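Working notes, structure below.
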Amino acid sequence: SEFLQDWDMSVIPENPDEILIQLEKSIITKWNTAVWDHYEANPFTEDELNSVSESRRKRLLSGKSIESTYGTTLIALVQTEAFWFGIQIGDGKAVRVSADGIFDQPIPANEKCFLNSTTSICDENAIEDFRHVFSTDMPAALFCGSDGIDDSFIRDEQLYKLYSTVGRSFVDNDPTAARNELKDYLPRLSSKGSGDDVSIAGIVTIEIASKVFPEIEEPTAKEPPADFQSKESQQSAEQEQGCENLDKAMTSADSGNEANPSPLRPLTSDGLAESLEEPNKHMNPNDDKPLPQTNKTTSIDSSIEETVCD
């Protein structure tokens, strides 16, 4: 937010592509300045230098490729009263929930981000790998998560189900309580899911979301372009084999009390610790059972079936 204070947001709709590219270039410039300031104040230790190859050690000692040691990915979502935009470099996913309840990923995908490979601000031509989106269609919610979040799911529909519950929790609960519950849940997601660091950010427009999320039973995914190849379709045969018993492993849960942890920071409650003690229950992507609709406080753990694949 401090970074954007220098920008006149009102001019963005006039030429969004050009202005967002300028913003991305500015981010790269300020990031490089911050990297060098940190490096000069904190030179590489002997242990750090001993952990790299001899050729790279020589480059680093000569002051070359310093930025490459500060690999950084970024997803940013900004919303005003009249428009919103998102920018991204690297992996992770941004998810939009439209005013009519459609889930999609509005920021164009980058084929360079595949499995353990990703683009980064530290890349020499980082500006070429930035992607962005601009829209005046105001959403019910915008979410973004690090790759540790989406890597904990088998399919996008499972990720959308999580965000559906997160959105509904902010509609039903006090924002601080919903935030704290989400925060408490993330470490459990990481341990049962990808094992990676996990983080989530989002914007929920309560006026719109209150009309959308209570009506959502199974999140509806927007059809991708015909030539789009999803990350899920690119999974290795080994991973697919590891999850081939997904449907068999899933046990049906009482629609009024689905106790399963899911990828994201937790929403709290006594039911959270209790559910974590149970064996993993995998969500059947073909299960047409609706999300439980209730006026009670919504808990991530009690309303989302666990979708991680061990």
Side-chain angles (χ1 to χ4, degrees), residues 73-79 83-110 113 118 130-171 178-179 182-183 185-186 189 193-194 196-206 208-225 228-234 262-267 283 285 291 298 300 303-305 307-308:
T73 61
L74 171 70
I75 306 177
L77 298 169
V78 178
Q79 182 173 322
F83 63 87
W84 67 272
F85 66 85
I87 61 175
Q88 178 173 0
I89 183 170
D91 48 20
K93 290 183 178 180
V95 172
R96 166 179 53 186
V97 187
S98 69
D100 54 358
I102 303 299
F103 287 68
D104 71 346
Q105 297 170 39
I107 299 179
N110 187 332
C113 299
T118 183
F130 259 102
R131 304 105 71 192
H132 57 253
V133 63
F134 172 87
S135 178
T136 56
D137 293 329
M138 304 310 289
L142 298 169
F143 297 105
C144 60
S146 62
D147 62 310
I149 298 295
D150 54 85
D151 283 349
S152 295
F153 292 98
I154 306 301
R155 296 173 177 81
D156 282 339
E157 287 75 13
Q158 297 167 331
L159 177 65
Y160 298 160
K161 187 171 184 179
L162 169 66
Y163 284 139
S164 176
T165 300
V166 172
R168 190 171 65 250
S169 74
F170 277 87
V171 170
R179 205 160 38 234
L182 193 57
K183 180 180 180 180
Y185 187 74
L186 277 184
L189 165 64
S194 64
D196 199 358
D197 56 292
V198 289
S199 60
I200 287 179
I203 303 170
V204 178
T205 304
I206 299 298
I208 304 176
S210 61
K211 301 175 183 178
V212 170
F213 288 116
E215 300 174 358
I216 295 176
E217 295 185 349
E218 289 294 333
T220 303
K222 184 176 181 180
E223 289 296 326
F228 175 74
Q229 186 177 18
S230 69
K231 183 177 181 179
E232 289 70 29
S233 68
Q234 299 169 343
S262 170
L264 258 219
R265 314 176 183 184
L267 272 189
M283 183 176 76
L291 286 171
T298 303
I300 285 182
S303 62
I304 303 180
E305 292 188 284
T307 59
V308 297

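A quick note: this is a predicted structure, and the numbers were derived from the prediction, not measured.
Between the side chain of Ser210 and the main chain of Ile206, a donor-acceptor pair closer than 3.5 Å is present. Under the 3.5 Å distance criterion, the side-chain polar atoms of Ser146 are matched with a main-chain donor or acceptor of Ser199. When atom types are taken as modelled, the side chain of Trp84 and the backbone of Asp137 share a donor-acceptor pair closer than 3.5 angstrom. Listed for the Gln88 side chain is a donor-acceptor partner under 3.5 Å among the backbone atoms of Gly90. No side-chain donor-acceptor contact under 3.5 Å links Arg131 to the backbone of Gly86.
Expressed to the nearest 0.5 Å, how far OH of Tyr163 lies from OG of Ser169 amounts to 12.5 Å. Atoms CD and CZ, from Gln105 and Arg96 in turn, are 11.0 Å apart once rounded to the nearest 0.5 Å. With values rounded to the nearest 0.5 angstrom, Leu77 atom CG is found 5.5 Å from Leu142 atom CG. Ser135 OG to Phe85 CZ: the interatomic distance, rounded to the nearest 0.5 Å, is 12.5 Å. Here the CG atom belonging to Asp91 is positioned 7.5 Å from the CG atom belonging to Asp151, to the nearest 0.5 angstrom. Distance check: Asp150 CG to Asp156 CG gives 8.0 Å after rounding to the nearest 0.5 Å.
Nearest heavy-atom pair across Ala209 and Val204 is CB-CG1, 3.7 Å. Of all heavy-atom pairs between Thr205 and Pro139, the closest is OG1-O, 3.7 Å. Residues Val212 and Ala140 approach most closely at CG2-CB, 4.1 Å, considering heavy atoms.
Between Phe143 and Ile203 the shortest side-chain heavy-atom distance does not fall below 4.5 Å. Counting heavy atoms from C-beta on, the side chains of Cys113 and Thr118 come closer than 4.5 Å. Asp196 places a side-chain heavy atom less than 4.5 Å from the side chain of Asp147. Side-chain contact check for Lys93 versus Leu159: some heavy-atom pair is nearer than 4.5 Å. A 4.5 Å side-chain heavy-atom check between Ile149 and Leu189 finds at least one atom pair inside the cut-off.
Between the side chains of Ser152 and Gln158, no donor-acceptor pair of N or O atoms lies under 3.5 Å.
Below 30°, between 30° and 60°, or above 60°: for Phe103 and Phe213 the angle between ring planes is above 60°, a perpendicular geometry.
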